[in-house]
Amino acid sequence: MSAIDTPLKPKDFKSDQEVRWCPGCGDYSILSQMQKVLADVGAEKHNTVFVSGIGCSSRFPYYMDTYGFHGIHGRAASIATGVKIANPDLTVWVITGDGDGLSIGGNHFIHTIRRNIDLKIVLFNNRIYGLTKGQYSPTSEVGKKTRSTPFGSIDNPIHPIAVALGVEVTFVARCVDVDVKNMISVLKRAAAHKGTAFVEVYQNCNVYNHMAFAYASDKKTKDDHVLYLEHGKPMIFGKERDKGIRLNGTMPEVVDLGSGISQDDLLIHDEKAAEPTLAYLLSRMRYPDFPEPMGVFRALEAPTYEAVLMNQIEEATRQKGKGNLNELFGAGDTWEVN
Amino acid sequence: MSTVTSEGTQTHGESAKPIEAIESAIVRFVGDSGDGMQLAGTQFTTTSAVFGNDIATFPDYPAEIRAPAGTLAGVSGFQINFSSRDIHTPGDKVSALMAMNPAALKANIADLEDGGLLIVNVDEFSVPNLKRAHYESNPLDSDAFDRYRVYKIPITKHTFEAVKETGLSTKDASRCKNFYALGVAFWLYDRPLETTLAWINQKFAKVPAVAQANTLALKAGYHFGETAEIFTVRYRIPRAKLAPGKYRNLTGNQATALGLIAAARLAGKPLFYGSYPITPASDILHELSLHKNFDVRTFQAEDEIAAMCSVIGAAYAGAIAVTGTSGPGMALKQEAIGLAMITEVPCLIINAQRGGPSTGLPTKTEQADLWQAIIGRNGECPVPVLAARSASDCFSAAIEAIRVAVKYMTPVILLSDGFIASGSEPWRIPDAADLEKIEIKHADDAETFQPYERNAAGSRPWAIPGTLGLQHRLGGLEKADVTGDVCYDPDNHQHMIELRARKVQNVANDIGDQEVFGEPSGDLLVASWGGTFGAVWSAVQRAQAEGHKVSHMHLRWLLPMPKNTGAILKRFKKILVCELNMGQLQFVLGGHFAIESEGLHKVQGRPFMIGEIHEKIVQVLGGQTP
Ligand code: SF4
């Protein structure tokens, strides 16, 4: 079949289903970039599986011409775990949202990441419940007025990258829906990672939470509010690239370059640092006090869950031989009746 | 004592004391949770099984791992019925009760038959222990137990003496008491010591002092029986005439695990078992995780929901996918079972039922999850349900459940219960070559593939990721017939609900006719299901022997039921449904077949006794014995 012979184009990853997100929704961009990335990395449609939960983002698998599973609320990571263990050769993506992945599915989120099973989890964070028509979500800011919080939300928000780092995520990155270039590079890195890759995408829900991330997406202002992370490079940002991040004691601070402060004084990004300290510090840099980091926070090599599991099976088979049913049945104390 | 321990293990059968041959006996070991009663019981069971008796066991232990020592809450027991004839239950009344302390005595004495043997560890009948058991005075000093043959043995003291030479600490020495008690029981019922001695040496190979101490305690107990003047008679239960073959003793959970491994092998597939620890189902996970060389992939999930969802993913990806749980976990899995049902992926959910509701009685048995299995999900969501009838039956029930799941592309629920999951009985070891293959044909033709096209069985194709050209999307939203695309059309929804229901009904084509034990018609049909089989069948046999026109119908399949079930029910004047719940099968039968019936409902966390069922049968029949 041609799927193997000729390289696939982004449109080859489009399914025949009509896309049903609201016009202008940030999800469209993520879908397009994903199709482009899969084509670029030479993904095989039949060996790729998209698993999702419930919510606007979770309709994603229907629009991809790969294998797909639209699960139940919050459980995408668990379904994907079963897929990956049953067939470790498959490339498995999990598509989730802030409500799906962090509220009802929060337990699976942390446990999946700590196992380092080779799943690529993409969380569309729009800081709102869209599909249920506009209630505050676990990432909504305190004081947010929504249909369920007419007097303002009183919940402290969860910060997904900080949580992921707390359970020793081996790959974690962030991008913005409309920042195509950065998203493509982040998704490609996630695709190449062996182990759990977690990507937070700032996604605009133009119906229920429009412009929630305007500071990071508006072309005019974003350069002052976003820090693009580059491994081994000093942390510089700003339209004129005249600002940087310096460590003051154990706290980061924004400094202006030039007035006695040089690049040598700035923090150098190290995504491969064995300790998650730097990545955690970055995860706590938030608008408006800091530029919000985009790109790869952390990327480490570590044994994957499914590889270790399959090793145990191989090792047991090497030691005991391939299982023989009659030996299994007749093990232990037996007796004959004549 | 050590002078007599070095000889005499060969004296089996050459006793100086008279041996009386009896047909069967029921022994119950009872003590504190920490007294090793489960171990003593298991050893007595294995020895009796290897000796060739038919056996049935009933481990009964508290939910607390170590309740305060000496209290009623901490009493743990293990009952063994061993016989020279065919038996189906651990028995009603106990012939010999081995009580290690006053609390154990108090909690169990009501079950000892008149004239039964009561063996107590008198060393533990101290004032504080009596108080902990809420005894005002020492019952052994009263005439309360005149109905029994009471043997007061200083088991603690004798054990210490026996193991002194090993130099073990008092605490460790005290832990050998169960082997001393076991030794006494072995002597009393003329059992050989070899099986247990071999077990001790293997188990404690790395701690020779413990191995030696347990050996000494076991032999000391045995020789006490022989040399002490207190026992005047001992018993022998000849071998049972079981069907010829090779046997081993299995609990229901072990049998389930072996059945699952066999089913995966018969299907030529890896076995995926995703589960969250829960009493009394965890032993399935434990057993399976030992057998990785059968390509068994166990996954201990973070919760019950994750376990069920991982099973759905594994089934989608082409594994034989199974989860095991108990009532509370089952409740958590139900939404995901609905997803498996509408996406039509094959998988198996095992529910080893326990006492409910809520946390209920975690270590006790009950059958109150039948409704939960049949109607416990949102929407129209029928799922095939079957129930194993005994410990060893779990093996074939597991294989049958997988066979139906993959043929009909559906989740299947297999019900066992705490009684058969933890209880054991002899299992005639099958030859793997005699087990029928499970044929699976995955979709592979990209030209003709439609995810929701149905075959003659009503089943859709199993197309697994990795197959070229068969990319498709499944999900919990209603789907269009044939294409499987998301579809909100009203007529399609009704059509799909009917198709899915019909598919489950089609399972009836594979399960054969319902059997009736006894005459095909008569005055009374006793209906039962699941782990109560042994007790109900024994009671019906007793009533039949008395001349009653009573027959027994034991349902293996609860959804769908065999096609002739309704016809059978109509051939009897009266129906009695016996179950360990408040009438769940009775309700289902009434709903399906518009019949009236009587019920025997027991919800005490304990299995049925033969006697109470027999009594009810006679009562329903008018109280007269023909
Ligand atoms: S509700 Fe918001 S998130 Fe959902 S599709 Fe519409 S714009 Fe997108």
Side-chain angles (χ1 to χ4, degrees), chain A residues 1 3-4 15 17 45-52 54 61-62 64-72 74-87 89-90 107-108 110-111 309 312-313 315-317 319-326 328-338, chain B residues 46 49-52 195 242-249 258 261-262 265 270 272 274 291-295 297 299 301-303 305-306 309-319 321 335-336 339 343 429-432 446 464-477 485-486:
Chain A
M1 262 201 153
I4 296 277
S15 77
Q17 299 295 299
K45 298 202 281 186
H46 67 287
N47 281 324
T48 305
V49 186
F50 278 85
V51 182
S52 64
I54 294 292
Y62 289 121
M64 297 292 298
D65 189 21
T66 61
Y67 284 89
F69 207 107
H70 179 211
I72 45 177
R75 321 299 173 197
S78 305
I79 297 170
T81 296
V83 171
K84 187 70 186 178
I85 295 175
N87 184 356
D89 294 337
L90 298 169
N107 197 29
H108 313 308
I110 57 176
H111 290 282
L309 173 71
Q312 284 190 349
I313 289 174
E315 186 56 26
T317 309
Q319 282 179 12
K320 300 194 216 166
K322 185 173 185 247
N324 173 299
L325 282 184
N326 281 331
L328 174 73
F329 295 166
D333 290 314
T334 63
W335 67 98
E336 294 276 353
V337 173
N338 300 313
Chain B
T46 310
V50 173
F51 175 74
T195 307
L242 299 172
K246 193 172 166 197
Y247 284 80
R248 81 185 262 202
N249 183 41
L258 295 192
I261 293 173
R265 180 57 66 82
F272 175 87
H291 303 294
K292 289 206 157 42
N293 60 326
F294 284 83
D295 200 359
R297 307 179 190 178
F299 170 62
E302 60 271 25
D303 61 33
I305 299 171
C309 288
S310 70
V311 161
I312 293 172
Y316 178 54
E335 184 199 10
L339 178 66
T343 53
I429 301 171
D431 184 343
I464 57 174
T467 316
L468 201 60
L470 262 52
Q471 296 86 254
H472 64 288
R473 274 66 55 190
L474 299 180
L477 290 168
D485 292 339
V486 173

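- Using a 4.5 Å cut-off on side-chain heavy atoms (C-beta onward), B:Asp485 and A:Tyr62 make no contact.
- Side-chain contact check for B:Leu339 versus A:Ile79: some heavy-atom pair is nearer than 4.5 Å.
- With a threshold of 4.5 angstrom between heavy atoms, B:Leu470 approaches chain A through its backbone and through its side chain.
- Side-chain atoms of A:Trp335 do not come within 3.5 Å of backbone N or O of B:Phe51 as any donor-acceptor pair.
- Residue B:Leu242 touches chain A through both its backbone and its side chain, counting heavy-atom pairs closer than 4.5 Å.
- Neither the backbone nor the side chain of B:Ala315 comes within contact range of chain A; no heavy atoms are under 4.5 Å apart.
- At distances below 3.5 Å, not a single donor-acceptor pair connects side-chain atoms of B:Asn293 with backbone N or O atoms of A:Ala316.
- The candidate from B:Gly274, B:Ala321, B:Ala262, B:Gly52 with the greatest count of non-hydrogen atom pairs under 4.5 Å with chain A is B:Ala262.
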Going through the distances and angles, do B:Ile305 and A:Ser78 end up as a side chain to side chain contact (heavy atoms under 4.5 Å, CB included)? CA-CA 8 Å; B:Ile305 299 171; A:Ser78 305; over 6 Å; no
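- In this structure the side chain of B:Thr343 never reaches within 4.5 angstrom of the side chain of A:His70, judged on heavy atoms.
- Residue B:Val50 touches chain A through both its backbone and its side chain, counting heavy-atom pairs closer than 4.5 Å.
- Annotation: side chain of B:Gln471 is not in contact with side chain of A:Val49 (no heavy-atom distance under 4.5 Å).
- Taking every heavy atom of both residues into account, B:Gly469 and A:His46 meet most closely at N-CB, 4.2 Å.
- In plain terms, the two heavy atoms of B:Gly466 and A:Tyr67 that are nearest each other are N-CE1, 3.6 Å.
- Residues A:Leu328 and B:Leu258 form a side-chain contact, since some pair of their non-hydrogen atoms from C-beta on lies under 4.5 Å apart.
- Using a 4.5 Å cut-off between heavy atoms, B:Phe272 contacts chain A through its side chain alone, with no backbone atom that close.
- Proximity to chain A (any heavy atom under 4.5 Å) is restricted, for B:Thr46, to the side chain, taken from C-beta onward.
- Interface remark: B:Ala336 contributes backbone and side-chain atoms alike to the contact with chain A (heavy atom separation under 4.5 Å).
- Across every non-hydrogen atom of B:Cys309 and A:Arg75, the tightest pair is SG-CB, 3.4 Å.
- Put simply, of B:Ala317, B:Pro270, B:Ala301, the one with the most heavy-atom pairs under 4.5 Å next to chain A is B:Ala317.
- When heavy atoms are compared at a cutoff of 4.5 Å, A:Asn324 approaches chain B solely by way of its backbone atoms N, CA, C and O.
- Looking at A:Gln17, only its side chain comes within 4.5 Å of chain B, counting heavy atoms on both sides.
- In terms of heavy-atom pairs under 4.5 angstrom with chain A, the leader among B:Ile464, B:Ile261, B:Leu477, B:Val486 is B:Leu477.
- Ranking A:Thr48, A:Ile110, A:Thr317, A:Ile313 against chain B, the residue ahead of the rest is A:Ile313, based on heavy-atom pairs under 4.5 Å.
- For the set B:Ala319, B:Ala306, B:Gly318, the entry with the most heavy-atom pairs within less than 4.5 Å of chain A is B:Ala306.
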Evaluate the side chain to side chain contact (heavy atoms under 4.5 Å, CB included) criterion for residues A:Lys322 and B:Asp295: first the C-alpha distance (whole Å), next the side-chain angles of each, then the deciding distance (0.1 Å), finally the verdict. CA-CA 8 Å; A:Lys322 185 173 185 247; B:Asp295 200 359; over 6 Å; no
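- Here the OG1-CD1 distance, from A:Thr334 to B:Ile429, works out to 5.5 Å after rounding to the nearest 0.5 Å.
- Between chain B and the options A:Asn87, A:Val337, A:Leu325, heavy-atom pairs under 4.5 Å are most frequent for A:Val337.
- Ranked by heavy-atom pairs under 4.5 Å with chain A, the first of B:Asp303, B:Val311, B:Thr195 is B:Asp303.
- Contacts of A:Leu90 with chain B are made by side-chain atoms alone, with heavy-atom separations under 4.5 Å and no backbone atom involved.
- B:Tyr316 has its side chain out of reach of A:Val51: every pair of non-hydrogen atoms, C-beta onward, lies at least 4.5 Å apart.
- Between chain B and the options A:Thr81, A:Asn47, A:Asn338, A:Ile85, heavy-atom pairs under 4.5 Å are most frequent for A:Ile85.
- Using a 4.5 Å cut-off on side-chain heavy atoms (C-beta onward), B:Lys292 and A:Leu309 make contact.
- Judged by distance alone, with hydrogens and angles left aside, the side-chain atoms of B:Arg265 form a donor-acceptor pair with the main-chain N or O of A:Gly323 at under 3.5 Å.
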Stepwise, does the side chain to side chain contact (heavy atoms under 4.5 Å, CB included) test hold for A:Phe329 with B:Asp431? CA-CA 8 Å; A:Phe329 295 166; B:Asp431 184 343; over 6 Å; no
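- Here the closest heavy-atom approach between residue A:Ser15 and residue B:Arg473 is recorded as CB-NH2, 3.7 Å.
- In this structure, the portions of B:Leu474 lying under 4.5 Å from any heavy atom of chain A include both its backbone and its side chain.
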